[in-house]
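All remarks here apply to the structure that follows.
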Amino acid sequence: MIRMTEPSKITSQSVPDHQPAAGGIAARARASVGPKYLSGLNPEQREAVETLDGPVLVLAGAGTGKTRVLTTRIAHILSQGRARPGEILSVTFTNKAAREMKHRLGQMLGHAVEGMPWLGTFHSIGGRILRTHAELAQLKSNFTVLDVDDQVRLLKQLLQAENIDDKRWPARMLAGLIDGWKNRGLMPSQVPSGEAAMFANGKGGKLYTSYQERLKILNAADFGDLLLENIRIFREHPDILRQYQQRFKFILVDEYQDTNVAQYLWLRLLSQAPSSFTSPRLRGEVDLRSKSGEGDSPQTELLDPDPLSASEARRDPASGAREPKGPTKNICCVGDDDQSIYGWRGAEVDNILRFDHDFPGAKVIRLERNYRSTGHILAAASHLIAHNEGRLGKTLRTEDQDGEKVTVTGSWDSEEEARGIGEEIEQLQRQGEKLNEIAILVRASYQMREFEDRFVTLGLPYRVIGGPRFYERAEIRDALAYLRVINSPADDLAFERIVNTPKRGLGDATVQMLHDHARKRRIPLFEAARAVVETDELKPKARGSLRDLVAQFDRWRAQREVTAHTDLAQIVLDESGYTEMWQKDRSADAAGRLENLKELVRSMEEFENLQGFLEHIALVMDRDGGSEEDAVSLMTLHSAKGLEFDNVFLPGWEEGLFPSQRTLDEQGRAGLEEERRLGHVGLTRARRRAKIYFATNRRIHGTWSTTIPSRFLDELPAANVEITESKGGSAWGGTGGYGASRFDDMEAFGSSYSTPGWQRAQANRNRGQGGRGGGSRGGFEEEASSFSSSSSSPDFGSFSSRRRGPLTIEGELVAKSTGTTSEFSLSDRVFHQKFGYGHVTKIDGNKLTIAFDKAGEKKVVDSFVQRA
DNA sequence: ATCGGGTAAATTTTT
DNA sequence: TTTACCCGAT
């Protein structure tokens with residue numbers, strides 16, 4: 001493994017201290033040297049943009065202008081006339097990233113960007129290629145892309161057919177295995193026999209095979225297939241591969257550290273210059289291109305004579321195939337090994353670590369100037385990540401001021417942690433910080449609940465980022481299933497999904513008999529249904545509703561010819577009773593689901609027709625655009641990648657949670673390093689303030705357990721970190737004379753105060769100041785003092801106690817003024833945005849206790865509910 | 001066929 | 001503590 005730990009030299013020439021607000025003297029000076037889109041780039045960025053020939057790896061640390069480099073590079077290629085828009089392959093992982101790039105390109109180039117047909121995600125581009133050559137994968141070009149849910153359902157059926165107990169061998173597990181194989185580029189025949197045998201006493205490989213067969217029959221592909229089938233086609237049809245190799249003069253890859261083996265292989269194949277290996281005639285074309293200045297860089301002559309064999313053998317041991325060898329084209333991969341956090345999902349950090357072996361002669365450019373975070377934050381993040389061994393090594397630096405130190409705060413338990421953070425946020429808000437600039441980043445999503453509860457109580461607006469994506473939501477998949485059945489009567493999975501949604505009295509028994517029928521006669525379920533309603537095999541009731549359903553679909557299909565696809569969708573949703581089903585639903589999210597359905601119909605307008613819509617929907621739809629309201633963001637560390645905030649809160653830095661015990665158990669040292677990278681990602685999200693927390697007691701799955709501060713805390717540099725007191729603790733902890741009344745109030749109000757953890761905290765509080773036990777707390781304080789002497793600086797302490805009292809009181813007053821007049825009375829029927837319908841069981845000023853129909857009893861501030 | 005209760009299991013999740 | 005799934009009762 002290559003190690004490149006020497007920091008690259010940065011000359012001491014002056015650079016703008018902020019990312020080009022375009023207009024510094026230096027910027028203007030450079031502007032005269034090249035096209036104006038190049039002005040404002042620092043020397044490394046500029047090199048990354050201008051090094052067009054041969055393989056380039058841009059190691060772009062957090063906040064160093066990665067996207068800027070990528071988009072400017074495209075602009076540069078175009079403006080130099082090196083390629084037309086359609087000759088640049090530019091891949092990202094997320095639709096969001098692809099959109100962002102399109103947007104920024106548009107700004108840079110004017111409106112000429114619509115013609116970047118090959119800028120997209122791996123999957124959407126793979127899907128597009130696969131549709132073009134679908135028949136070579138035994139598919140039709142209108143094949144369906146299955147989501148995970150469909151995938152699992154299909155596998156369940158296969159397990160049943162094989163008489164395998166799907167309790168002992170869950171379909172989900174098999175789906176995971178198959179997905180893993182596909183991520184590694186393995187077709188059924190290539191799966192190492194040991195692994196294939198792992199599942200269901202040796203039936204794993206066979207199941208993979210029959211799963212693939214089933215997919216073809218259903219005219220469907222899963223996400224993995226979108227790339228894997230590309231690879232297969234490229235290997236089996238060199239002429240087709242050559243066609244793409246010739247088309248793509250330049251390849252750009254975003255977030256290269258997250259690529260898996262399949263994506264790597266796909267890129268490998270595409271990135272090779274069309275070579276004489278397959279066709280002598282091409283020789284000429286290559287030479288021609290060289291002459292016109294579009295050939296490969298001179299470095300290619302120094303190539304490892306057999307660049308592929310080593311990596312191929314390593315990555316793809318089961319494959320006897322060797323890719324044709326040829327010179328590497330102009331591929332530019334941008335990434336950051338220190339932000340590789342998707343190893344558990346198949347990403348191979350090795351891809352980036354071995355880049356210059358895989359792409360010999362590669363030029364490696366490091367972007368180390370960070371334009372995001374202040375000094376202390378950057379130093380803390382850098383020191384933390386420096387504990388990793390498997391990295392290429394970068395040293396992030398900033399010319400910004402040091403700013404505030406990173407704080408580390410201990411609390412007694414996770415509730416105190418949530419309270420403390422809640423108060424700090426209110427304080428920041430008082431100081432004029434926008435809630436939009438505040439984020440809480442957690443390791444595991446179950447940590448979010450406590451914050452949500454707290455914020456609901458405080459009436460603090462928040463928004464959860466992540467969670468199920470738009471098209472993964474049940475209502476969206478249901479709606480899509482209806483449309484899929486209309487579009488393709490052979491789509492059994494879609495038919496099965498909606499045959500009894502809404503309830504039509506067509507249960508398992510009916511579906512089972514349809515299956516039998518379909519299998520016997522080798523026809524799709526839908527056709528089986530059509531046949532079965534003509535017989536009297538079904539009970540009259542089921543027969544009737546099934547006949548109606550078939551008739552409805554026939555009608556919709558007929559309407560399809562004469563109705564716009566958006567209208568058709570609306571008609572289907574209404575006539576099927578699907579809309580009505582949610583209208584009648586009383587749960588909290590019913591309204592949101594109806595809204596989502598509207599959004600779905602609206603989004604169809606962007607497509608020509610139903611077919612086009614269905615082809616792209618699975619790949620292009622993502623989470624709905626966040627609302628514009630000012631709110632705190634709550635998300636996992638994973639979903640924070642790529643985002644940035646002025647203020648970042650990082651709770652739960654405890655052994656077992658972060659780093660996650662499970663990752664440690666399963667992945668060992670590699671897992672630890674990935675967790676550490678996660679910490680690095682978290683810290684580098686912060687522009688001005690990063691605040692870390694740990695609790696001594698945490699409730700995990702309902703039971704309390706004592707935890708030890710995370711080892712990562714010890715790895716933070718003393719000089720950049722400050723240890724502070726938990727304010728959540730001292731607020732009720734009796735310092736400052738005000739605590740007692742506040743405490744009483746809280747106790748009366750919050751049910752959480754009777755938990756064992758709190759009781760322990762209370763007992764402990766009597767022993768030490770502010771809830772602190774006498775120092776026997778996981779040994780953190782001893783270690784803490786070794787890296788900072790500024791434990792709870794007097795300044796901060798007096799500041800906070802001086803400010804806290806009045807502030808909180810003001811908060812009370814504000815809250816009371818809105819509700820003391822008791823808008824509500826006992827047993828009123830109310831609706832809450834998050835918890836749905838319920839009735840009031842208790843009133844305490846503006847605070848209501850409400851028994852929700854679905855969410856149980858909760859306490860909320862009255863301004864958050866409305867009369868139902 | 002559907003509802004309700006009881007029980008096991010429980011990160012992270014770009015497509 | 002919650003949630004998803006299975007089984008038994010209606």
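Computed from a predicted structure; not experimentally measured. Order of the sequence lines sets the chain letters (A, B, ...), proteins ahead of strands, with each chain counted from 1.
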Side-chain donor-acceptor contact under 3.5 Å, Thr501(A) with Asp478(A): no

Once hydrogens and angles are ignored, does a donor-acceptor distance under 3.5 Å link the base of dT13(B) to the side chain of Arg345(A)? yes

Work out how far the C1' atom of dT11(B) is from that of dC6(C), and round it to whole angstrom.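 Each nucleotide's C1' atom is 25 Å from the other's.
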
Without decimals, in angstroms, what is the distance between [X] [atom1] and [N] [atom2]?
X         : N       : atom1 : atom2 : value
Arg699(A) : dT2(C)  : CZ    : P     : 8 Å
Phe93(A)  : dT14(B) : CZ    : P     : 13 Å
Asp179(A) : dT14(B) : CG    : P     : 13 Å

Using nucleotides 3-10 of chain B, report all nitrogen or oxygen pairs with the protein that are shorter than 3.5 Å.
unit_1	atom_1	unit_2	atom_2	d
dA10(B)	N3	His701(A)	ND1	3.4

Going by the rule side chain to side chain contact (heavy atoms under 4.5 Å, CB included), which residues pair with Asn500(A) if we only count those two or more places apart in sequence or in a different chain? Lys503(A), Arg504(A), Leu506(A)

With respect to the phosphate group of [N], does any side-chain polar atom (N or O) of [X] fall under 4.0 Å of OP1 or OP2?
X         : N       : answer
Ser445(A) : dT11(B) : no
Arg443(A) : dT13(B) : no
Asn500(A) : dT2(B)  : yes

Can you measure from CZ (Arg168(A)) to CE (Met173(A)) and round to the nearest 0.5 angstrom?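 Going from CZ on Arg168(A) over to CE on Met173(A), the span is 9.5 Å.
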
CD1 of Ile476(A) to OH of Tyr471(A): how many Å apart, nearest 0.5 Å?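 Reported value, rounded in 0.5 Å steps: 12.0 Å.
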
What residues form a ring pair (Phe, Tyr, Trp, His ring centres under 6.0 Å) with His680(A), not counting sequence neighbours? none

Pair Arg128(A) + Glu615(A): basic N to acidic O under 4.0 Å: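 Result for this pair is no, no salt bridge flagged.
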
